Amino acid sequence: MTSPAAPTFPVSFSAEVAEAKAAGKAIVALESTIITHGMPYPGNLEMARSVENIIRAEGAVPATIAVIDGLLHIGLEPQQLARLAQTPDAMKLSRADLAFAIAEGRTGATTVAATMISAARAGIKVFATGGIGGVHRKAEETFDISADLEELSRTTVIVVSAGAKAILDVPKTLEVLETKGVPVVTVGQDEFPAFWSRGSGLKSPLRLDSPAAIAHFQHKREELGIHGGMLIGNPVPEADEIARDEMNIYIDRALDNAEQDEITGKAVTPYLLNSIFHLTGGRSLVTNIALVENNARMAARIAIALLHQE
Ligand code: PSU
Ligand code: MN
């Protein structure tokens, strides 16, 4: 070998993803932390399956990403997905520890950041999730800012979310995204969505109303040689939303609980989601599943629209 070869990429593609890659089909990446740390079993597995099926119904192929026994999987076989959904002690992997889990033969779920890294490495351009991590409230004291934001600035993947969870400091999250040069595009409305609710009270920096327009925008970024991710805010469907005022009551209580229990680091987001699940009597989960499904549909349409840009 003369030129320095790229390091090998030890990875396992599901049969479906391998076939899609060979055929040049649209593929949508899916994270797995939402499965292991974001929702209780069995709702998490039902969500994971239905999201995959929605992507297939749109004519694209789903690639759920996770590390199983030290091997990075791009696309999970059905029995692997079912097992992961029942692995409560799976690691929560971000940029800092994705390679650690591989090196040590561990099993772990990928956050938005680690899913973006894996998707980009596998040539997948679009990724559907629920909500991204961001700047936590009181970050000026705790310094808790999700690695998802830095990843959005550096890794070229379109991330379809329902906005930022209102457990975060959403204005500061938008400020950091602007500082880092990440386009934040809301679909179909002027207001940036707040995950369980359609509105955040904040204007979205950018707005586009169709998958084709988003694909066209991304194409122009690439023509200019602009690397880095794009964040899509796709509002939860009206029928499934929990109004912002009502949500804020639960969020404040969940934040109080987290402070009392002295929750820090990686445990914060899973703790808050679980606390809100109980405070809403399970309603937050119904909304969470509906918005991820809605994002999967949008992501599939964007992935297909991107094929037509090339
Ligand atoms: N949104 C959800 N459920 C989740 C998450 C986001 O609806 O479980 C996860 C995502 O994987 C995201 C992570 O990347 O939380 C952010 O964690 P942290 O705030 O620790 O960076
Ligand atoms: Mn954090």
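Everything numeric here is computed off the predicted structure, so don't read it as measured data. First listed ligand is number 1; within each ligand, the first listed atom is number 1.
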Checklist entry - Would you call Glu293-Arg297 a salt bridge at under 4.0 Å N-O? => result no
- Message: Any salt bridge linking Arg95 with Glu150? Criterion: basic side-chain nitrogen under 4.0 Å from a carboxylate oxygen.
- Response: no
(request) Classify the side-chain pair Ser14/Glu77 by whether it contains a donor and acceptor separated by less than 3.5 Å. (result) no
Contacts under 3.5 angstrom, residues 227-242 side chains, donor-acceptor by atom type, not counting sequence neighbours:
from, atom 1, to, atom 2, distance (Å)
Asn234, ND2, Asn294, O, 3.3
Asn234, ND2, Asn295, OD1, 3.1
Glu241, OE1, Arg198, N, 2.7

Within the heavy-atom cut-off of under 4.0 Å, ligand 1 is lined by Glu31, Thr33, Ile34, Gly38, Lys92, Thr111, Val112, Gly131, Gly133, His136, Ser146, Asp148, Lys165, Phe195, Thr269, Leu273, Asn288
Of all the N, O or S atoms in Asp144, the one nearest to the Mn ion (ligand 2) is OD1
In terms of heavy-atom contacts, Trp196 and Leu291 come closest through N-CD2, 4.3 Å
Check ion pair Asp252-Arg137 (N to O, under 4.0 angstrom)
yes
